[in-house]
**Q** 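Can you read through this structure? Questions will come right after.
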Amino acid sequence: MTKDLNRREVLAAGTAAAGAALVGSSGAKARPVAAAIQRGGSKPTVIASGNGNIYKNGGDETCVERAFRMITEGADVLDAVIAGVNIVELDPEDTSVGFGGLPDADGVVTLDSCCMHGPKKRAGGVACLKGVRMPSLVAQKVADVTDHHLLVDEGAQRFARNMGFDIEDDLNTDRSRALWLEWKRRTDSRHYPRPEDRADAGRKVGLAMVAEGKIDPDHFYGTINCNGVNAEGDVCGVTTTSGLAWKIPGRVGDSPILGAGLYVDNAAGAAGSTGRGEANIYNLASYLIVEKLREGLSPKDAGMAALNRIVDNTIDPRLLGEDGKPNFNVNFYVLDKSGAHAGVALYGGPRRTYAVCTENGAESLPIEGLLGDRS
Ligand code: ASP
């Protein structure tokens with residue numbers, strides 16, 4: 001976790017960083033860091049969910065590397081974090097986001113996204129958007145050119161078309177289509193189970209496919225959230241996803257909902273989420289975290305406060321394991337205005353990391369679990 005630096009340290013770090021090279025997650029790529037570091041007392045920092053330091057879509061930068069580079073080159077922070085998540089939206093290897101995201105129960109890829117611009121106090125979102133590979137850019141347009149905060153489904157698509165976005169018939173890839181077919185084959189067509197059956201055949205089959213290694217656990221639920229702050233203390237964030245795999249058509253998760261999948265307040269910081277969206281919508285946890293930052297809690301403690309709220313509100317037996325604890329996971333990526341950050345979740349574990357990029361380069365850091373580790 002990062003801390004505020006005093007002025008002497010800031011100047012020293014800025015000078016060193018200006019002449020230094022930024023080593024990427026692969027360790028292979030070096031590029032100069034701009035001198036525009038730590039002018040305003042905030043430490044330029046980008047954080048993201050773990051996929052923000054994995055996928056490169058055939059290029060040489062991950063999401064956090066691109067966003068950090070752009071921020072230190074003077075780009076608008078929201079432009080930078082959105083340019084970062086665009087890499088993951090376009091990469092068909094990440095089946096939780098954008099092009100190639102796992103589809104809904106009818107085999108249709110529908111995308112959710114929202115973004116918030118701290119200093120401009122603007123926000124925009126799209127939900128259940130079909131046919132546009134980079135929904136985060138449409139969310140940004142909603143923020144910039146409309147009087148609204150959220151457009152959905154056909155209206156969102158028509159808006160995107162009017163804004164000049166390409167609309168494609170189908171965002172499936174061979175991989176996402178094959179996985180959907182497999183799921184379809186294994187389930188019956190009942191997506192509305194009887195109350196006594198609420199453990200949900202479809203969800204069980206999906207989780208079994210995860211257990212069998214057919215689906216990356218991070219991609220059954222899966223999303224990217226990316227938050228950044230520049231040297232002036234401008235805080236922005238974006239979240240983008242294909243949502244829950246094989247959801248009921250029309251289901252919208254937390255990702256496009258302000259206060260749930262993302263919240264930014266330029267006075268305090270940003271929080272975003274991946275994982276079980278329903279738990280997050282119910283608790284508006286990203287908003288809660290930013291409020292806790294405002295009260296002076298550290299990013300980690302603010303995130304843990306929201307996770308405790310989720311635990312308290314999870315009483316439905318179908319959502320509890322035999323140990324009485326939630327049988328799902330929710331992750332939060334928390335960045336305060338100074339550049340301090342944390343990744344927290346109900347459950348941590350060796351595979352659970354979040355992405356960070358500072359003047360020291362990109363890293364994948366462990367996510368801390370409120371309830372311990374679970375694979
Ligand atoms: N939170 C997203 C949703 O519920 C999915 C995820 O992050 O895994 O749609």
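Hydrogens, waters and symmetry mates are skipped; everything else that's a heavy atom, side chains included, is used. None of these values were measured; they are calculated from a predicted model. Each ligand, and each atom within it, is numbered from 1 in the order the structure gives.
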**Q** Decide salt bridge (charged side-chain N to carboxylate O under 4.0 Å, His left out) for Asp265 and Arg294; before the verdict, give the C-alpha distance in whole Å, the side-chain angles of both, and the deciding distance to 0.1 Å.
**A** CA-CA 9 Å; Asp265 186 322; Arg294 187 199 304 282; 2.4 Å; yes
**Q** Using heavy-atom distances, let me know which of Lys247, Arg276, Arg251 sits nearest atom 4 (O) of ligand 1.
**A** Arg251
**Q** Give the other cluster members for Leu111, using side-chain heavy-atom distances under 4.5 Å between Ile, Leu, Val, Met, Phe, Trp and Tyr residues; answer none if it is isolated.
**A** Phe99, Val109, Leu171
**Q** By number and element, which atoms of ligand 1 are closer than 4.0 Å to a non-hydrogen atom of Thr274?
**A** 7 (O)
**Q** Can you tell if the side chain of Arg276 reaches within under 4.5 Å of the side chain of Tyr282, non-hydrogen atoms only?
**A**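 Heavy-atom side-chain distance check fails, nothing below 4.5 Å.
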**Q** How are the rings of Tyr287 and Tyr263 set relative to one another: parallel (under 30°), tilted (30 to 60°) or perpendicular (over 60°)?
**A** perpendicular
**Q** Using a strict 4.0 Å cut-off to heavy atoms of Leu244, name the atoms of ligand 1 that fall inside it.
**A**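 Matching atoms, with element in brackets: 9 (O).
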**Q** Is the shortest heavy-atom distance from the side chain of Val132 to the side chain of Asp166 under 4.5 Å?
**A** no
**Q** Which atoms of ligand 1 sit under 4.0 Å from any heavy atom of Thr223?
**A**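 Counting from 1, the qualifying ligand atoms are 1 (N), 2 (C), 5 (C), 6 (C), 7 (O), 8 (O).
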**Q** Which atoms of ligand 1 are found less than 4.0 Å from any heavy atom of Gly253?
**A**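 Those qualifying, in numeric order: 9 (O).
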**Q** Any N or O of Glu278 that comes nearer than 3.5 Å to an N or O of ligand 1?
**A**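 Min N/O separation from ligand 1 is not below 3.5 Å for Glu278.
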**Q** Can you list the ligand 1 atoms lying under 4.0 Å from a non-hydrogen atom of Gly243?
**A** 9 (O)
**Q** How far apart are the closest heavy atoms of Asp94 and Val88, and which atoms are they?
**A**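 In this case the closest contact between Asp94 and Val88 is OD2-CG1, 3.3 Å.
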